[in-house]
Structure formats: structure tokens, C-alpha cells
Amino acid sequence: MFRNQYDTDVTTWSPAGRLFQVEYAMEAVKQGSAAIGLRSKTHVVLGCVNKAQSELSSHQRKIFKVDDHIGVAIAGLTADGRVLSRYMRSECINYSFTYESSLPVGRLVVQLADKAQVCTQRSWKRPYGVGLLVGGLDESGAHLYYNCPSGNYFEYQAFAIGSRSQAAKTYLERKFETFDGASRDELIKHALFAIKETLQGEKLKSSICTVAVVGVGEPFQVLDQQTVQDLINSFEIVEEEGPATDEAGAAPEQEAAPAADQGGSEQGAAPMEE
């Protein structure tokens, strides 16, 4: 994208009916590392790719617990995501204190979308440069929403945002019909496979991904690294190690070599016998 006379502030419309500052914020979401979400009737699984600024630094958190029944995964500007997750947490606490019940997921998403929309209509504000996948469970079942910097929100069966998310979307589109009746472990398996699609050949390890789950009888929790690695191994996502392949491939060569030597010696001996 290039600068033009219609992108100096968020309230200026272009002749084509576009708000460029909002589009720039949506572009920031595409530049962030990937985050994915998928749901069944009873569970919601969120996953993300962890990318560090350098080899000497740790990665920033991309999955946040909002309440026992709600969590959020982000892609884009992490600082904006942290502020919005704190706002969501405050709204859940206030609702619980007032009504002594859990805040419905859909109502929280609407409040979040209204907060984002205000930033598209005030010249002294900027849109939030982060996309949020909100997963949760309430009386009406499991829900997965995507909140856009423009103030729009959508409910999905499965979705992926961030860089190289199209590969994960393609995988989810092939498999989503099985998600509705899937078990907890099957959902996690699909989440890990979707994350692997965004890595473009890079080996999937627990150190570069985070997985969280919430479901019936199970409060929102982020799975620890050892649990995720065990799941990766059990689902056979990690390819077999190279040495085992080399040993298996070396055996035929060793067997073939003596045969070639034997044939060569026989061919060499024939003229001498004559």
C-alpha cells in the first residue's frame, strides 16, 4: 500500500468509499504470526505460532485467558491485543459481580466490536491493529468469533488469521464438516495440523506453538509445552528421524555391493581360463 491524500486520518473517505487507515490496520493483522481457532459442540481450541524478535529473546504471549469460560488468540500488534484482553477481562468481572453469572460470549464480542468501531470514527484515535479470535462456552453452546479492527465481527466454525493463514484456512475448509461432532483430542489434532500448514516446511515443535482449550466441564487453560509435545508425537505430526531412514536405505546398497564385486571377478576370470 502507498500513501495518498485520503489516508491522513481515519475519518477521511476516499472517492471509492474506502477508509485507508482502517485498511492499514487490517493489513497489520495479516503481518502478525498466525493464530487459529476451531470449535465443536462441546469444546473450543485456540492455537498460535510463537515468533521471537531474535534468538536471544523470548516470544510474546498471543493467547490470553479472559474468564473461566472465555479465551482469546490474537494476531497483529501484541500491545493492542493485551489492552483489549484486559478490557474483556474487566467486562466479565463487572458482569459477574452485577448478575452473579457468566457473561455470554456473544454479548462480550458485541461490546468489543463497539469499542473497535469508535476508533474508526474519531479523528484523534487510531484503529486497533490487532485481530482477535474469541473462543468460549456459554448456555447456548461453544462459540468462536473473529473481531476485526474495522469493528465487524463474525462467528465461525473454524478460522485462521495472520501471516500464511491461507494455508491453515485451506486445511480447515477441507476438514470442518467433521468438527461439530469431534472430541477434544481430535480438535487439538486438527489445530496442530493447521498450525503446521502455516510453517511452510518448518518442523513443528511445542516451543514454537501454543494451544489452549475450553469445553464442557473444563475451564479455559493453556496447555503446557510438554503436553503439547506429547500430543504432537502421538498424532505423528513429527516426521521420523533421519538416521532410521538412512540405516534402512543403506542395507540394500551393502547387499548389492558384494554381488557387483562377485560378478566383476567372474567376468575378469573368464579370459584367464580360456
Side-chain angles (χ1 to χ4, degrees), residues 1-37 46-51 53 59-67 70-95 103-136 143-156 158-166 168-169 198 210:
M1 291 186 178
F2 302 96
R3 283 189 56 84
N4 59 62
Q5 58 184 324
Y6 301 107
D7 67 354
T8 54
D9 64 68
V10 74
T11 60
T12 302
W13 290 95
S14 75
R18 299 165 63 181
L19 292 171
F20 286 102
Q21 288 287 333
V22 176
E23 293 183 12
Y24 295 164
M26 295 168 67
E27 188 66 23
V29 177
K30 297 178 183 178
Q31 300 300 324
S33 55
I36 66 102
L46 299 175
C48 68
V49 178
N50 302 327
K51 291 294 183 183
Q53 292 283 340
H59 64 83
Q60 291 182 305
R61 288 178 58 198
K62 293 195 50 170
I63 295 182
F64 301 92
K65 178 180 178 180
V66 175
D67 203 348
I70 299 178
V72 59
I74 66 171
L77 195 58
T78 311
D80 285 2
R82 187 176 64 247
V83 170
L84 289 176
S85 66
R86 188 183 302 125
Y87 164 78
M88 296 167 68
R89 197 174 296 123
S90 177
E91 290 298 311
C92 286
I93 292 172
N94 292 338
Y95 187 93
L103 177 60
V105 182
R107 183 175 298 184
L108 177 62
V109 168
V110 171
Q111 293 175 354
L112 182 63
D114 290 344
K115 185 177 178 67
Q117 191 277 335
V118 170
C119 295
T120 69
Q121 212 170 1
R122 302 288 187 272
S123 61
W124 61 90
K125 293 185 177 183
R126 68 161 176 81
Y128 291 104
V130 64
L132 300 98
L133 289 174
V134 183
H143 300 280
L144 175 69
Y145 291 91
Y146 169 55
N147 276 77
C148 183
S150 64
N152 289 323
Y153 64 94
F154 309 92
E155 185 168 13
Y156 287 95
F159 198 57
I161 57 177
S163 62
R164 297 195 293 272
S165 61
Q166 185 57 50
K169 288 180 187 176
T198 69
T210 302

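From a predicted model like this one, the values you see are computed outputs, not experimental measurements. What you see below is based on every heavy atom in this structure, not just the backbone, and it leaves out hydrogens, waters and symmetry mates. Count residues from 1 along the sequence.
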Tightest non-hydrogen contact, residues Gly151 and Ala116, listed as CA-CB, 4.1 Å
Correct closest heavy-atom pair for Leu144 and Ala158 would be CD2-CA, 3.9 Å
| query | Hey, is CD on Glu91 packed in by over 12 heavy atoms from elsewhere, all under 6.0 Å? | reply | yes
Closest non-hydrogen contact found for Ala168 with Ile36 is CB-CG2, 4.1 Å
Looking only at heavy atoms, the pair that brings Thr198 and Arg164 closest together is O-NE, 2.7 Å
Output for pair (Cys148 SG, Leu112 CG), nearest 0.5 Å, gives 11.0 Å
### Query
Is a side-chain N or O of Ser90 found less than 3.5 angstrom from the main chain of Arg86, in a donor-acceptor match?
no
Separation between NE2 (His143) and CG (Leu108), nearest 0.5 Å, reads 12.0 Å
Closest heavy-atom pair, Lys51 versus Ser33, reported as atoms and distance to 0.1 Å, is CG-CB, 3.8 Å
Tested for side-chain contact (heavy atoms from CB on, under 4.5 Å) against Arg107, the lone hit among Leu103, Val110, Val109 is Leu103
Evaluate the ring planes of Phe20 and Tyr24, with Trp represented by its six-membered ring, and classify them as parallel (under 30°), tilted (30 to 60°) or perpendicular (over 60°). tilted
Item to check | Audit row: Glu155, Val105, side chain to side chain contact (heavy atoms under 4.5 Å, CB included) steps and yes/no | outcome: CA-CA 11 Å; Glu155 185 168 13; Val105 182; over 6 Å; no
CG of Leu46 to NZ of Lys65, rounded to nearest 0.5 Å, is 13.5 Å
Heavy-atom donor-acceptor pair, Ser163 side chain to Gly32 backbone, under 3.5 Å:
yes
Between the CG atom in Asp114 and the OH atom in Tyr153, the distance rounded to the nearest 0.5 Å is 8.0 Å
Tell me whether the rings of Phe159 and Tyr146 are parallel (<30°), tilted (30 to 60°) or perpendicular (>60°). tilted
Between Val72 and Ser85, the two heavy atoms sitting closest are CG1-CB, 4.2 Å
The reported gap from OG1 in Thr210 to CD1 in Ile63 (rounded to nearest 0.5 angstrom) is 5.5 Å
Requested in this report: Decide yes or no for Met88 and Phe64: does some side-chain heavy atom of the first lie under 4.5 Å from some side-chain heavy atom of the second?
Outcome: no
- Message: I want to check something: taking the side chain as every heavy atom from C-beta on, are Tyr145 and Leu133 in contact at a cut-off of under 4.5 Å?
- Response: no
Original post:
Taking C-beta and beyond as the side chain, do Tyr87 and Gln111 meet within less than 4.5 Å on heavy atoms?
Top reply: yes
Q.
Quick check: do Val10 and Cys119 have side-chain heavy atoms less than 4.5 Å from each other?
A. no
Here the gap from Asn147 atom CG to Tyr128 atom OH, rounded to the nearest 0.5 Å, amounts to 12.0 Å
